[in-house]
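Letters A, B, ... are given to chains in the order of the sequence lines, protein chains preceding strands, and every chain is numbered from 1.
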There are 2 protein chains.
Amino acid sequence: MPINLKDVAREVNLSINTVSRALRGLQGVSEARRQQIREVAERIGYRPNRAARRLVLQRSQSIGILVPSLNIPFFAEIDIAIQEMLQEKSYFLYTLNTRDDPAHTMECIELLVEHRIEGLLSIGLPPPQSAELLRSHNIPVVVMVMFQGDLPPHFVGYDDEAGGYQAARHLIGLGHTRIAYFTGKWESDHASLRRTGFSRAVDETMGRVVSRVVFDNYDNTIRSGYQSAGGIVDMIRKGEVSAVMCVCDAVAFGLMHMLNEQELRIPEDVSVIGYDNIEMAEFSIPPLTTISQDASRIGRFGSNLMLQMLESGEDWSKVRHQVLLEPSLVARQSTARLGKSGESAARRHRAKAESNPAV
Amino acid sequence: MPINLKDVAREVNLSINTVSRALRGLQGVSEARRQQIREVAERIGYRPNRAARRLVLQRSQSIGILVPSLNIPFFAEIDIAIQEMLQEKSYFLYTLNTRDDPAHTMECIELLVEHRIEGLLSIGLPPPQSAELLRSHNIPVVVMVMFQGDLPPHFVGYDDEAGGYQAARHLIGLGHTRIAYFTGKWESDHASLRRTGFSRAVDETMGRVVSRVVFDNYDNTIRSGYQSAGGIVDMIRKGEVSAVMCVCDAVAFGLMHMLNEQELRIPEDVSVIGYDNIEMAEFSIPPLTTISQDASRIGRFGSNLMLQMLESGEDWSKVRHQVLLEPSLVARQSTARLGKSGESAARRHRAKAESNPAV
DNA sequence: CTGAAAGCGCTTACAG
DNA sequence: CTGAAAGCGCTTACAG
């Protein structure tokens, strides 16, 4: 049914390989002929069949990307940036949502292998069982954003340790001496790197600043941040903490919502800093101080690295190529100098308790 | 380099078509042989080549989806739902981000045609220039979510008119008699349908309720809602409006941010209702009353419709198949009964002005 | 400048 | 139960 080279060839009374060469702009076809062939192809609606071209060229000119959850805008933006970069270089990108489920991820990878992708980009580590399959098909892998354990040999992401350090430095610079890090029970490696950076900044103060780590959040959602904020609220009330760094903006929003319900003021009673700089961070009440990462930069670096691996002809299996981008702090109104705005939460709480012994 | 049928055949000393049949589970191969062939294929890492299979089967078993901006979670969720549905039916989904740019969308469509997609799903109408190409290649199109002009013949989306009506009914039911609809200068058809539904509810009151439409927002972002909220603020101050419906949640958040800055209380001074029920709506301060649409339902209905068109064998070119889902209202704390909480914004404003004539 | 032939990796009749 | 052959739509040497 669809029109093929033979149809065009018949129409112009030439052989299919002349038509093929003309359409691809190769030399060895007179300009007049080429013109004519082009017109006919256009008129009868000819489009080359990629499957056939792939088969004969023995390469797919396509790359796969594994995204744990495409509905996270940060991940989607990485995908978009990569799609644009690759289209420019006439590679095709297969985008697959893995639901962060190893079994389903394996199926996705097998599908991509059957499509003969030339390279695999992955947000987060692909499951270990896939390593042998990818290796045996000679498919290079670039991991982006997240990993567990050792830094993967080909990696592009932000330096979470540096981000955590920056956030803590910001709070310390504002005079806070009792600060908390609010994270999840099951920490991903990058969450724990943020915590490590946070702790390094605290340690550098040689005891002048003390910190607590609260592992109460579940899954880094707004809801979870809200539901697990109780411990933090207590500490603020008791004056044990005057500033909180959250593992991500969503958790920060959940915490802020709870603080608001508990009539704790931000930043007067407690400073809050997030991580990610999602769109909403600029418009929350108050606007959220946070650590900013540029998704499209990851996409650009990731696709560039992949393209290098594909086109340099080098043996990359023994080369490590790891790109760690430096995140940047965006100061907004959710953090402020300690004690700037009068009485602390602890003092107010104490006053309240004294006037009403039942509390 | 990659292993093919011939490699497996050589290994087991059989012809490639026996191997092919065994691996695909067709009858006519003894069970013992099949077992042996499977093992060998597994051992040497054979994976069928999709390009070759497509070529010979004369079908790609794949479908394309055009997404204007994949980083809008609502759209991404539609994509995810479709990907899951189609994978179950062993179709492959090509996800392409079009940037909402007609020229780029055309390139995307041409690419998909070269990949011989069997059907095209599109969030929003594909550009008119693509119609001829798609028709000539016999590719059915299902439009989702948005359209301009007439309802496309194959469409799945939510009934925006009904949503606008529900929102207005909600405000009227709370006793508001002066209500506003806050939308953009250049209204999309679905934004204007929401407005139509809104107006219908107002009209039904036979003049008991009056409404204003404010076309000041630009591009339905939080920022734009914030920057263009001035007109609404004035009306609230003057007592001309006690409730506002926004074209979407993002604009509602922008408006709320401005109201907060202007010390207008929600819902005491003004009720605000959004549209979309994005994740943040549950956690804004106050939580936002809004109209909810289920993205994965659109995805499920959309892919089902496409599958029907592909597999029923009917001539769908003369059949209209339009699915309009009913959205639902989610009542939260940003809307309240009129005058419930004491003095109105207008009265407070007047009092303030009297005590300070300079205002 | 143009064409005939081989072949990419598979599946599908058709023989045996 | 198994194999030889043709062919899907293209590109690439190789002739002319």
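- Under the 4.5 Å side-chain criterion, counting only non-hydrogen atoms from C-beta, A/Val19 is not in contact with A/Tyr46.
- In this structure B/Glu77 satisfies the side-chain contact (heavy atoms from CB on, under 4.5 Å) test together with A/Asn71, B/Ala295, sequence neighbours excluded.
- When the side-chain nitrogen and oxygen atoms of A/Ser15 are compared with OP1 and OP2 of C/dG3, one or more of them lie within a distance under 4.0 Å.
- By the side-chain contact (heavy atoms from CB on, under 4.5 Å) test, B/Ser15 pairs with B/Asn17, B/Thr18, sequence neighbours left out.
- Every residue meeting the side-chain contact (heavy atoms from CB on, under 4.5 Å) condition with A/Leu133, not counting sequence neighbours, appears here in chain and number order: A/Ile109, A/Glu110, A/Val113, A/His137, B/Arg47.
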Quick one: which protein N/O atoms are closer than 3.5 Å to N/O atoms of nucleotides 11-14 of chain D? Pair and distance per line, please.
{"residue": "D/dT11", "atom": "OP1", "partner": "A/Arg53", "partner atom": "NE", "Å": "2.8"}
{"residue": "D/dT11", "atom": "OP1", "partner": "A/Arg53", "partner atom": "NH2", "Å": "3.0"}
{"residue": "D/dT11", "atom": "OP2", "partner": "A/Ser20", "partner atom": "OG", "Å": "2.4"}
{"residue": "D/dT12", "atom": "OP2", "partner": "A/Arg24", "partner atom": "NH1", "Å": "3.1"}

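- Between the CZ atom of A/Arg10 and the P atom of C/dG3 there is a distance of 15 Å, rounded to whole Å.
- Checked against side-chain contact (heavy atoms from CB on, under 4.5 Å), B/Pro152 has the following partners two or more places apart in sequence or in another chain: B/Leu125, B/Val143, B/Phe147, B/Phe155.
- With rounding to whole Å, B/Gln61 atom CD is found 15 Å from C/dC10 atom C1'.
- Electrostatic pairing of A/Glu84 and B/Arg99 counts as a salt bridge here, judged by a charged N lying under 4.0 Å from a carboxylate O.
- In this entry the distance linking CG of A/Leu14 with P of C/dA4 reads 11 Å, nearest Å.
- In this entry the distance linking CG of B/Leu23 with P of D/dT2 reads 14 Å, nearest Å.
- Sorted by first and then second residue, the ring pair (Phe, Tyr, Trp, His ring centres under 6.0 Å) pairs involving residues 99-135 of chain B (not counting sequence neighbours) are A/Phe92-B/His115, B/Tyr94-B/His115.
- Pairs engaging residues 55-74 of chain A under the salt bridge (Lys or Arg N to Asp or Glu O under 4.0 Å) rule: A/Arg59-A/Glu118 [sequence neighbours left out].
- For the salt bridge (Lys or Arg N to Asp or Glu O under 4.0 Å) test, no residue two or more places apart in sequence or in another chain qualifies with A/Asp79.
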Q) When Watson-Crick pairs (N1 to N3 and N6-O4 or O6-N4) and G-U wobble pairs (N1-O2 and O6-N3) count only below 3.5 Å on both distances, what is the dot-bracket string of DNA chain D, with | for other-strand pairs? A) |||.||||||||.|||
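- Across the protein-nucleic acid pair, A/Gln58 atom CD and D/dG9 atom P stand 19 Å apart, rounded to whole Å.
- For the pair A/Arg50 CZ and D/dG9 C1', the interatomic distance rounds to 14 Å; values are reported in whole Å.
- As rounded to whole Å, 14 Å separates atom P of C/dG7 from atom CG of A/Leu55.
- Between the P atom of D/dG9 and the CD atom of B/Glu114 lies a distance of 15 Å, rounded to the nearest Å.
- For D/dG9, one of the phosphate oxygens OP1 or OP2 lies less than 4.0 angstrom from a side-chain nitrogen or oxygen of A/Asn4.
- Regarding contacts with the backbone of D/dT2, a side-chain N or O of B/Arg33 is found under 4.0 angstrom from either OP1 or OP2.
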